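Working notes, beginning with the structure itself.
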Amino acid sequence: MEHAKAVKRVSRLLWILVFILAAIGIGMVVRRTLVIAGLIPSFSPGGGPPFDTSFSKHPVITFVHMLPGVLFMILGPLQFMPGIRARHIRLHRWSGRVFLVSAYIIGLSAICMPFIMLPIGGVNEAAGSILFAIFFLVALSKAWWHILRKETALHREWMIRAFAIGLAVATIRPIMVLFFAFSGLTPQVFFGTAFWIGFTIHLIAAEVWVNWTRSRPGRASDQTLY
Ligand code: HEM
């Protein structure tokens, strides 16, 4: 009982975090779209030349990657809402299919991007993003596989892992802001490190949550984030 109460409390906090991160993710896409459209200037840290113009030089891959990102940030939280799943299972299934297709496009384009345009953070960032993009695609495929076999508990666990990795792109933003504000380093130096830190924190958090809320004999199911 104590365990159930604690899970509920943490789950409330997690929901707030998820909404904030989803809003940051959508904000990233809006900002990048405005920069590519020439409506706002590219960012120039310290008044130097803009460091992120390669997105404007490669708009196709950038849009292929980030437009499904908006769907990911909107549909992802909806998929985890217990009320929607309980009362509108058809909606959950259809929005789940759209989510899955969007997420595959995001993951595949994330793997292609470093080969088309060297990331701002160079090889360090490329290595992190390719590794986590592969794990993202594996987690999505495992989630899909388990739901096809009607293994709902395992489907939930792999969806949590996949969603956590995708959501990490939003956590990486404040980490970059901290580097900008306090490190005195250039984005080329710290971007890769920010990627590694953000993705790793999310993967650990997902694993802790999955283990903590897993149904066990003698314990009621605590799957409140689903
Ligand atoms: C597995 C998950 C993901 C990986 C590995 C990944 C990887 C990347 C990489 C490597 C870049 C290029 C960065 C650079 O050149 O320095 C990028 C850019 C971008 N990604 Fe992702 N991404 C993922 C998921 C997402 C999601 C879910 C969104 C949704 C909002 C998103 C939004 C963006 C945006 C807006 C950009 C353009 C750069 C900017 O304005 O900051 N990404 N991503």
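Predicted, not measured: the structure shown is a model, and the values here were computed from it. Whatever order the structure lists them in is the order used to number ligands and atoms, beginning at 1.
Aromatic ring pairs are classed by plane angle as parallel below 30°, tilted from 30° to 60° and perpendicular above 60°; the pair Trp212 and His3 is perpendicular. Using bins of under 30°, 30° to 60° and over 60° for the plane-to-plane angle, the ring pair Phe72/Phe99 lands in the parallel bin.
Atom 16 (O) of ligand 1 has its closest protein heavy atom at Glu125 OE2, 2.6 Å. Nearest protein heavy-atom contact of atom 17 (C) of ligand 1 is His65 NE2, 3.7 Å. Given atom 40 (O) of ligand 1, the protein heavy atom at minimum distance is Arg32 NE, 2.6 Å. At the shortest separation from atom 15 (O) of ligand 1 among protein heavy atoms lies Pro119 CA, 3.3 Å. For atom 32 (C) of ligand 1, the closest non-hydrogen atom on the protein side is Met28 CE, 3.9 Å. Among all protein heavy atoms, the one lying closest to atom 10 (C) of ligand 1 is Ser129 OG, 3.4 Å. If you check which protein heavy atom lies closest to atom 38 (C) of ligand 1, you get Phe55 CZ, 3.3 Å. Of all protein heavy atoms, the one lying nearest to atom 27 (C) of ligand 1 is Gly166 O, 3.6 Å.
The Ala110 neighbourhood of ligand 1 comprises atoms 4 (C), 5 (C), 6 (C), 7 (C), with distances under 4.0 Å to a heavy atom of that residue. Against a heavy-atom cut-off of under 4.0 Å, Met66 is close to the following atoms of ligand 1: 34 (C), 35 (C). Numbered from 1 in the order shown, with element, the atoms of ligand 1 that lie under 4.0 Å from a heavy atom of Phe136 read 1 (C). Interface atoms of ligand 1 facing Arg173, defined by a heavy-atom separation under 4.0 Å, are 39 (C), 41 (O). Annotation for ligand 1: atoms under 4.0 Å from non-hydrogen atoms of Phe199 are 4 (C), 5 (C). Below 4.0 Å from some heavy atom of Gly69 lie the following atoms of ligand 1, by number and element: 29 (C).
Nearest heavy-atom pair, Ile172 versus Gly198, reported as atom, atom and distance to 0.1 Å: CG1-CA, 3.8 Å. Taking each heavy atom of Thr213 and Arg156 in turn, the nearest pair found is OG1-NH2, 2.6 Å. Smallest separation of non-hydrogen atoms from Ile111 and Ala133: CG1-CB, 3.7 Å. Summarising the geometry of Leu203 relative to Phe132, their closest heavy-atom pair is CD2-CE2, 3.8 Å, with the distance given to 0.1 Å.
Here the side chains of Phe180 and Phe190 are in contact, with some heavy-atom distance below 4.5 Å. In this structure, the side chains of Val35 and Arg31 come closer than 4.5 Å at one or more pairs of heavy atoms. A 4.5 Å side-chain heavy-atom check between Trp158 and Arg161 finds at least one atom pair inside the cut-off.
In Ile106, the part holding a heavy atom less than 4.0 Å from any atom of ligand 1 is the side chain.
Counting heavy atoms only, Val169 comes closest to atom 26 (C) of ligand 1 of the residues Ile172, Ile26, Thr62, Val169.
Under a cut-off of 6.0 angstrom, the local environment of CH2 in Trp144 is sparse, with at most 12 non-hydrogen atoms contributed by other residues, nucleotides or ligands.
Any N or O atom pair closer than 3.5 Å counts here, and Ile120 shares at least one such pair with ligand 1.
Both tests hold for Arg97 against Trp94: distance to the six-membered ring centre under 6.0 Å, angle to the ring axis within 45°.
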